[in-house]
There are 2 protein chains.
Amino acid sequence: MDFRRLAYLILCTFGACSASKPNFVLLFADDLGFGDLGCYGHPSSLTPNLDRLAAAGLRFTDFYSTCPVCSPSRAALLTGRYQTRSGIYPGVFYPGSIGGLPLNETTIAEVLKTQGYATAIMGKWHLGYGAKGKFLPTKQGFDEYLGIPYSHDMGPCHNLTCFPPDIKCFGYCDPGVVTVPVVHNDNIKQQPANFLELEKAYSDFGTNFIINSVKNKQPFFLYYPSHHTHYPQYAGSGAAGRSLRGPFGDALLELDDTIGNLMSTLAQTGAINNTLVFFASDNGPELMRMSRGGSSGLLKCGKGTTYEGGMREPAIAYWHGIIKPGVTHELASTLDILPTMAGLAGATLPPVMLDGFDMTDILFKHGKSKREAMMYYPISPNKTYGLFAVRLGTYKAHFYTEGAIHSATTPDQDCPGSASLKAHDPPLIFDLEADPSERYPLPLKDRPDVQAVLEQIKNVKAQFEATMVFGESQVLKGSDPNLEPCCNPDCSPKPTCCHC
Amino acid sequence: MDFRRLAYLILCTFGACSASKPNFVLLFADDLGFGDLGCYGHPSSLTPNLDRLAAAGLRFTDFYSTCPVCSPSRAALLTGRYQTRSGIYPGVFYPGSIGGLPLNETTIAEVLKTQGYATAIMGKWHLGYGAKGKFLPTKQGFDEYLGIPYSHDMGPCHNLTCFPPDIKCFGYCDPGVVTVPVVHNDNIKQQPANFLELEKAYSDFGTNFIINSVKNKQPFFLYYPSHHTHYPQYAGSGAAGRSLRGPFGDALLELDDTIGNLMSTLAQTGAINNTLVFFASDNGPELMRMSRGGSSGLLKCGKGTTYEGGMREPAIAYWHGIIKPGVTHELASTLDILPTMAGLAGATLPPVMLDGFDMTDILFKHGKSKREAMMYYPISPNKTYGLFAVRLGTYKAHFYTEGAIHSATTPDQDCPGSASLKAHDPPLIFDLEADPSERYPLPLKDRPDVQAVLEQIKNVKAQFEATMVFGESQVLKGSDPNLEPCCNPDCSPKPTCCHC
């Protein structure tokens, strides 16, 4: 049974029948942990709109990003390929980075453009800027762009304060580099960004994009990679102080408000009956830096690590009247979004090595995942070490572990940056369903069943690594201060003159 | 506005109008942590019936039991009074315990009996057995009883195995003591208990009780203190191996099945329109003993401690058509159940010092709690140390902390039994809304706001402790092997002859 056809049939039944292709709204949070949403059990987060999406949609319990930090995770999301293939490693891009997501990589936006979609992105790109903005989203299939090209701490944090004053803030808003710009399409619209009013700009941009697309009878793809819950957290006047959870809660609430606005617009335009809304996050929580951060709930550690807290994410799929409400325990990943959207749009897949699987069975039938394994690359992967961990079915084997500064305030001694690289031979094996917190490694001695699982995992790992061609690192191309975005490119002295 | 009246009006509207008082079903889980249910974010628990209750009812995020272990918590639940008043401390009752919940304490069942209620309990009593069963539920307001008088590990664990074999099991099923009996009303019905068929017996007992009460047009109170998720976990053939989460998941699933059966019976008899169903748990999770235990989610530590993981519990209130679905962040406790049910039944409160508050504003209006504070007594309270912690509003101050063997496998060094008693002067203060995991104690230095909070907490603590009269300890009365329940009281040699 072709579920796209079923979707159309149902739409017809409800009078919203058209030959149009489905729309996609892809919401992507920043450093938001597995335990951060109300619908994932957080006791004091206020996320009414996301909770509503979860209640009326499909909530994933075993959904993964591909890297415990930002740029690589976003590259994998948009290309359906592990970041090692596209060269988005080690770590992340900075304001003057020379490299970016290679233009010959095919993004979801480019896939959908072939089918006549209107495409837009608002929020944090973080896949390179480059000389004259040559790596901006407009070069990767997006018709329109409003947002910041990298993380909002990569500047002197104009208007952002370290709060509450009672905690030791580590990390810093990089001093001395150019202030964060707001880019509209290919041009710097504002520098420095006024973060306290930026969320409203996003909401207006997204709302208008939906309205115009519907008016033009054009199927649309809206990608909203929010930077809101990344440190340092902030919120505009509409949300500041309104949550129960301090600055992180306020930031999350403001993001949730925007999602509410987008959902209202979908409803008001009628597009809601023909739109797949997908929500996920780029990596696990940074627990405390500049202010108290997110929560990985019952998962171990957070951002920067290949424990579950680093890469297992909240994820919700919603399609009014098409996706049946529920919870799925099926294995899925950000990698699977490109093939799923491509399939629903009737597009051909890019002729490259893809790592994603079509999720339509999970979404529309509450069925089985085509994905059997998930690979865990660290922040700084290389061919010598290869994968740090592999999940096969419900079992996960750690071949290497290391801590990360991002996880420094968890009580787990395996998390902080001081927990240096450790090889595990034999690997640490966990049954993630019985033991999602990775507390009880399974012994191999006298356990032929566990030994067999490990052999299977080793085979899957070997097969995968045999196909892995590491793309040239775009991050190691380094930085050139002259490439830092400046609204006034000929001014001097930079970066202080880049205020417009 | 009187919400009982509103309830009746609504019931009338839907044709279920009667002069009858509302029914109550009180579900009480054992060692079930804050993070253990699907609706509280656990990724692999299967709790469809409880999740449905939560989705259609009111889910609490800030609900507390009064003690991090079993007997005291149950005493407080049934009397609406901190366990120190009734003498249910230190620790718990054992098979030969001389003491029990004093008969002059007034339980919810006794309160409701004055209003003509049929009352029944099925499951684990754990408030004493005493000479000739003088402390059994039938002496405390319950018409009918089916269950075990104490924890199911307090015997040689017939049919219960330590699983999975790969983990080090600590703790043990007490060897050499009498085997656990199943008591029906005042008589031992089976000894040793056949645990693998007991859940079905509970389900039948509860179902019949509801059907008969409806047939007799009698309002009813069913109390189901399940022992299912206490260690060692087990499940009958209907649930064993059916969950994703091993023995703990199977036990939880079998409990959830029973809840489903009770809900179906309420629906089939029409009683569902006039029944408040309330679910909570006695204390936080025992993380690993005999098998892998529960999860406190993002909360710190577990059973046996006065950190949040020891006493903050999942709680759900459901009343078809009367309670609006949602989530409440209001402060509430097991102590508040007696006054709430008494009020709804039109009963007079017992003329004793009560610690509970009527929750009807929270339940029926999503309104504010009358409760401003929550007191944390350790397992072994005494007058010298007094309260270990106090929560006032969103702030919690720890005056003492200690670990517990029950929390031994958390990564937090403050949890295990080796973390001995520690006085905190000044106390450790946390903002539980911003920091539910109790990771970042607030500094007092240069923080007059925090200093003011601490002063308020100290005042509340002093006022509370001035009113606290410690009842004579029922637990310290000790044990008499001759009081251990035996189905064949004159047999010899005991306890081995107590098999019937």
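Letters A, B, ... mirror the listed sequences (proteins, then strands); counts begin at 1. Note that this is a predicted model, so its numbers are computed, not measured.
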(message) Please classify the contact between A:T394 and chain B as side chain, backbone, both or neither, with a heavy-atom cut-off of under 4.5 Å.
(response)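 Answer is neither: A:T394 stays 4.5 Å or more from chain B.
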(request) Pick one of side chain, backbone, both or neither for A:D62, based on which atoms fall under 4.5 Å of a heavy atom in chain B. (result)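 For A:D62, the side chain is the part near chain B, not the backbone.
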(request) Before giving the answer on side-chain contact (heavy atoms from CB on, under 4.5 Å), spell out for A:R439 and B:T410 the whole-Å C-alpha distance, their side-chain angles and the decisive distance to 0.1 Å. (result) CA-CA 8 Å; A:R439 283 188 180 147; B:T410 64; 4.3 Å; yes
(request) Can you see which heavy atom on A:L432 is nearest to which on B:S44, and at what distance? (result)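 Heavy atoms of A:L432 and B:S44 come nearest at O-OG, 4.5 Å.
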(request) Pick whichever of B:A434, B:G38, B:P314 has the most heavy-atom pairs under 4.5 Å with chain A. (result)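 The option with the most such pairs is B:A434.
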(request) Heavy atoms only, distances under 4.5 angstrom: which of B:G249, B:P436, B:G35 has the most pairs with chain A? Name it, please. (result)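 Of the options given, most contacts go to B:P436.
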(message) I need the residue from A:D412, A:L299, A:V327, A:L244 with the largest number of non-hydrogen atom pairs under 4.5 Å to chain B.
(response)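 Of A:D412, A:L299, A:V327, A:L244, A:L244 has the most heavy-atom pairs under 4.5 Å with chain B.
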(message) Let me confirm one number: the OH-CG distance from B:Y440 to A:L287, rounded to the nearest 0.5 Å.
(response)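 Going from the OH atom of B:Y440 to the CG atom of A:L287 covers 5.5 Å.
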(message) Quick check for you: to the nearest 0.5 Å, what is the distance between A:R59 atom CZ and B:C39 atom SG?
(response)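 Result: 9.0 Å between the selected atoms.
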(request) Check whether any side-chain heavy atom of B:H329 sits under 4.5 Å from a side-chain heavy atom of A:L46, and report yes or no. (result)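 Side-chain contact under 4.5 Å: yes.
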(request) Check whether any side-chain heavy atom of B:P43 sits under 4.5 Å from a side-chain heavy atom of A:E433, and report yes or no. (result)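 They are not in contact (no side-chain heavy atoms under 4.5 Å apart), so the answer is no.
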(request) Name the region of B:F60, side chain, backbone, both or neither, that has any atom closer than 4.5 Å to a heavy atom of chain A. (result)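 Neither part, no heavy atoms under 4.5 Å.
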